[in-house]
Amino acid sequence: MASLNPDRLPSQYLYDRFGREHGLPSDTVWIARQGPEGYLWLGTKNGLARFDGVRFTIFNKQNQTAFRSNDIRDIEVAADGSLWLATYGGGVLHFAGGEFTALTTADGLADDIVHDVYLAPDGAVWFATGFGVSRLQAGKLQSWNMADGLTDNRTFRIHADGTGGVWIATLTNGLSHFDGTNFNNFSEGSGLDSTQVHLLFADPEFGLIATTITGTTYRLTAQGPVVHESASLQQKLPVHAAIRDRDGSLWLGTYGRGLWRLGSDGALQQFTLTTERPGYVFELLEDREGNIWASTMHGIYRLRDSSFLHYGQPEGLAEAIFVVTQSPLDDAIWAGSEGSGLFRLATDGTVSRFDMAGGLSNNNVSALLAEADGTVWAGTFGGGLNRIGSDGAISHFTVQDGLPNNHIMGLQRDREGKLWVVTDGGMGTLDEAAGSFQLREDLPGTVLRQITEDQLGRLWLTSNSGLIQLAADTITVWDESTGLGSDLVSTTYVDAEGVVWVGSRESGLARLEGEELFQFSSEHGLPQLSVLAILEDDAGRLWMSGADGLASIARADLNAVARGDLQRVSAQLYTEADGLRSAQFLGGFQPAGWRARDGRLWFASNRGLVALAPGTFEQRGVPGKPILEQVRVNGKPVALANPLRLPPGASGLEVDYTVPRLGAPHTLQFRYRLEGFDQDWHRVGSRRTAYFTGLTAGQKTLRVVATDNQGADDLTAEEATLVIVRAPFWYQTWWFRVLAVLGALLLASGLYYAAGRQALRRQRRLERLVDRRTRELQIALNRVEEISRTDSLTGVANRRFLDEILDSAWQQCAQQHAPVSALMLDIDYFKQYNDSAGHVAGDKCLRQVAEALQSGVLRDEDVVVRYGGEEFLALLPGADARAVASVAERIQRLLRGLEITHPDSPVSPFLTASLGCATAWPAEAGTPDDLIRSADAALYQAKSRGRDRIAVSGEA
């Protein structure tokens with residue numbers, strides 16, 4: 001993996017913050033380190049957190065007996081993969097083999113307040129404590145303090161010098177150098193300008209350095225500290241943390257001055273972290289994916305590259321950009337904005353602006369055309385047409401010069417040299433020399449938008465009344481009556497084969513080859529039905545901007561669907577989760593997208609320009625083998641073992657799994673299957689828990705696979721497996737069956753010989769008895785079947801029952817042309833409720849929530865299901881979007897009326913829930929799984945907006 005692209009501006013990286021509201025135990029994060037399995041380990045003021053990119057797992061005094069303090073000040077990863085942790089008041093913790101062990105003053109540690117752990121090259125482990133330093137070597141602890149010559153007992157940092165000695169930094173009395181026998185001390189006035197030393201760092205370029213609170217950087221030599229000769233280091237920054245990334249840039253975290261980067265060219269850049277307390281950066285980390293992590297007093301920040309390059313307000317452009325083009329003369333990018341004028345982005349990154357104060361006729365620039373001689377034509381919305389010469393001189397053309405309207409929509413220079421101008425009042429050609437305009441009178445009376453010339457010299461016009469072709473004096477129109485999905489045509493693209501691709505505002509993409517028109521829809525795999533600009537990359541993929549994001553589809557796949565050789569395309573929709581500042585693009589003016597000469601694609605959006613070089617899109621490939629993290633049986637955690645042996649009463653099973661991915665975890669997709677129980681794979685998207693109910697006796701194998709949604713090959717993905725053995729009840733064992741058969745035979749023989757003369761009467765009595773027993777057995781079997789479909793804790797239906805009825809409900813609604821809705825509920829911060837109130841209260845809470853759900857749905861055909869741990873789902877056949885929203889509001893009122901006290905909820909003193917609603921019309925499109933996924937996505941939206949709220953699928 002590469003590091004962050006050093007050629008980008010600080011504002012062009014992606015910044016993500018994680019804090020208490022995301023699951024961290026504290027906003028004060030001292031340290032972050034990446035373990036061998038890929039997890040990010042975070043030391044906080046209130047516990048240790050393990051992060052897989054999606055969820056945090058917390059380790060603290062409440063769940064780990066070895067913890068004596070939750071304040072984790074340092075984490076270091078040893079060569080064997082184990083972790084060493086420094087705690088404030090609890091000594092040292094060592095994590096190996098899944099277990100924590102403690103090292104304290106009782107074991108010979110100098111003090112239980114530990115600030116730093118250093119893993120020396122010779123295998124020794126050093127600890128900087130509140131009362132000197134300690135060294136663990138060959139299983140033996142040895143300590144030193146001021147009585148042995150150390151400059152101060154309150155030590156803060158340790159680092160080897162490369163010759164067998166170590167440097168020890170303190171926060172109150174400078175530096176000590178220890179050669180194994182003697183200490184040589186340096187303090188204020190004797191080698192240092194301050195007693196407060198914050199950092200010891202070995203850099204491949206600058207050597208072993210130390211920094212003080214005054215911002216001075218020292219080189220540590222055999223003679224002691226000397227002011228470093230590199231001027232780039234002497235920036236008066238109180239450096240507290242430093243890392244050298246794989247690109248060669250030096251990242252500096254400071255004590256009170258924020259985050260900085262010193263490039264390989266010596267340039268210093270500041271990175272503004274959007275936080276309440278941005279100044280204190282305690283530690284830095286570059287993970288194996290190239291992301292930079294900054295530990296701060298307000299959570300941990302992730303800086304990562306985006307496959308998209310943004311130019312918006314932070315980079316000197318405007319936010320809302322209407323149109324974009326490139327000058328053939330100097331390759332500069334020109335961008336027209338809404339209300340802020342015209343911008344020129346030079347190849348060196350400098351930005352120039354043209355507005356009304358500088359001679360532009362209007363600041364709303366709605367059309368652009370750049371010509372080879374350096375001329376740029378800028379059409380405006382309300383101010384007519386501007387001609388900007390290569391010398392910067394601006395001239396104007398308006399209605400006074402014959403333009404039918406001052407609202408300019410599109411511009412095109414045809415092969416004959418005519419300049420076509422599309423306005424809100426019609427279209428024609430402009431004679432710029434004479435300053436006259438010739439209107440074409442024979443066009444349909446509609447709003448025209450864009451104009452494009454194809455290889456045959458035909459002009460293609462988009463309009464509010466369909467697609468218009470001008471060929472000599474012939475006018476041809478395609479609209480809804482001829483097969484277009486919508487009359488509101490926004491854009492066109494003519495490919496190298498002469499095929500015309502037609503994008504509409506609300507009905508997706510159409511393909512026109514000759515006279516043959518094919519309209520694509522969501523049934524063919526289109527990820528969005530808004531197409532505002534269409535560009536093609538070197539790999540033959542069409543990139544389409546729209547109201548929901550940026551879609552990418554192979555043109556060959558689209559052609560195959562149009563020919564009938566393929567049913568659905570494989571499409572990718574990029575949104576904010578993929579690094580876009582905004583998924584809302586702008587269109588309707590010309591050009592809303594532009595392919596630059598270097599192959600880069602530019603699109604106009606409501607947050608500035610978006611550029612992408614498709615060949616640089618990171619191919620993440622096949623993810624690693626999933627990690628099985630935790631198992632719960634009947635809702636209770638059990639020790640993870642392989643094989644996992646379960647008692648006869650184990651009917652419910654939950655298995656947590658993950659693949660740590662720290663940069664783009666949302667691209668991971670999971671599937672699992674319990675062989676011997678499941679007929680097929682469960683494809684669960686990004687969900688990281690497998691649920692099973694009604695487990696039967698015997699041996700089964702759980703298989704879990706992770707893939708990447710960017711096209712990784714499923715067949716090469718590595719599986720995680722878990723053998724599960726559920727013991728049978730005594731009456732299900734083979735020996736019981738044998739004994740039962742033998743007993744029945746002996747009983748029959750005894751009855752035969754003892755009651756030979758009454759055989760007929762006994763036979764009749766036996767038949768009646770058998771009939772009664774058969775009925776009783778059938779009743780018992782029916783009861784067992786009912787139990788297998790019911791959640792034992794809450795009394796509502798379980799996942800198995802949902803799987804059985806979902807398809808039939810879907811088919812019934814499809815036959816009746818009726819809607820079907822799903823409502824998904826998740827109890828907010830239920831884990832914290834369980835931790836604080838206890839599992840007995842947690843079980844009671846789940847039953848109360850289930851009762852509220854049962855009360856909230858009013859019809860007999862509505863089904864309430866316990867979907868997983870603290871998640872419930874209500875399936876509402878026949879309910880439309882308004883009805884399911886009403887049910888959600890009623891359920892939310894019932895839950896709030898319970899007034900269950902939640903001491904650890906950041907959103908309310910009482911227990912709350914987040915709800916996601918989705919509605920589908922089975923007779924029209926979609927599958928039952930699509931409905932569940934939509935409800936799950938709406939639930940995720942409700943949680944991401946702050947929880948304790950309702951979100952409806954499809955709402956902005």
Side-chain angles (χ1 to χ4, degrees), residues 30-31 68-69 71-74 76 84-94 101-202 208-214 218-226 240 255:
W30 303 112
I31 183 74
R68 291 166 174 81
S69 169
D71 197 344
I72 311 298
R73 294 301 179 98
D74 190 24
E76 297 300 334
W84 289 94
L85 292 81
T87 78
Y88 195 85
V92 174
L93 293 168
H94 187 221
T101 55
L103 194 67
T104 67
T105 52
D107 304 294
L109 194 66
D111 193 65
D112 284 338
I113 294 176
V114 185
H115 293 105
D116 191 29
V117 177
Y118 178 70
L119 306 178
D122 61 1
V125 185
W126 289 84
F127 310 105
T129 82
F131 196 73
V133 296
S134 297
R135 180 185 66 190
L136 178 65
Q137 192 167 37
K140 181 182 178 182
L141 261 175
Q142 188 174 2
S143 300
W144 297 265
N145 56 33
M146 291 180 68
D148 303 296
L150 187 64
T151 186
D152 195 88
N153 284 333
R154 189 185 175 197
T155 58
F156 187 65
R157 293 279 187 263
I158 302 177
H159 206 290
D161 64 0
T163 63
V166 293
W167 286 92
I168 303 159
T170 75
L171 285 177
T172 54
N173 205 21
L175 283 168
S176 285
H177 180 261
F178 183 50
D179 62 8
T181 304
N182 299 309
F183 289 92
N184 194 10
N185 299 325
F186 306 90
S187 188
E188 186 174 358
S190 59
L192 298 174
D193 64 354
S194 171
T195 62
Q196 193 169 334
V197 180
H198 277 252
L199 176 67
L200 298 176
F201 177 65
L208 182 59
I209 61 175
T211 63
T212 64
I213 191 64
T214 63
Y218 295 86
R219 182 191 294 276
L220 300 181
T221 70
Q223 291 73 38
V226 296
H240 191 83
Y255 198 74

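We number each residue from 1, following the sequence as shown.
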Distance, nearest 0.5 Å, that separates OG1 of T221 from CG of L208: 10.0 Å

Please say whether more than 12 non-hydrogen atoms of neighbouring residues, nucleotides or ligands are located less than 6.0 Å from CZ in R154. no

Run the side-chain contact (heavy atoms from CB on, under 4.5 Å) test against A124 and tell me which residues pass, sequence neighbours left out. A120, D122, W126, R135, Q137

Under 6.0 Å between ring centres, would you say that holds for W167 and Y118? no

Between T163 and D161, does any side-chain donor sit less than 3.5 Å from a side-chain acceptor? yes

Sequence neighbours left out, what passes ring pair (Phe, Tyr, Trp, His ring centres under 6.0 Å) with F178? Give chain and number order. W144, F183

Residues that W30 engages under ring pair (Phe, Tyr, Trp, His ring centres under 6.0 Å), provided they are two or more places apart: F282

For the student: nearest non-hydrogen atoms of N153 and F131, plus distance: ND2-CE1, 3.2 Å

Over 12 non-hydrogen atoms of neighbours within 6.0 angstrom of CZ in F201: yes

Output for pair (I158 CD1, L119 CG), nearest 0.5 Å, gives 10.5 Å

Hey, are N173 and T195 close enough side-chain-wise for a donor-acceptor pair under 3.5 Å? no

Is any side-chain heavy atom of T87 closer than 4.5 Å to one of L93? yes

Quick one, Y218 and L192 - any side-chain contact, counting heavy atoms below 4.5 Å? yes

Any side-chain heavy-atom pair from L220 and L200 closer than 4.5 angstrom? yes

Looking just at side-chain N and O atoms, do T212 and D193 make a donor-acceptor pair shorter than 3.5 Å? yes

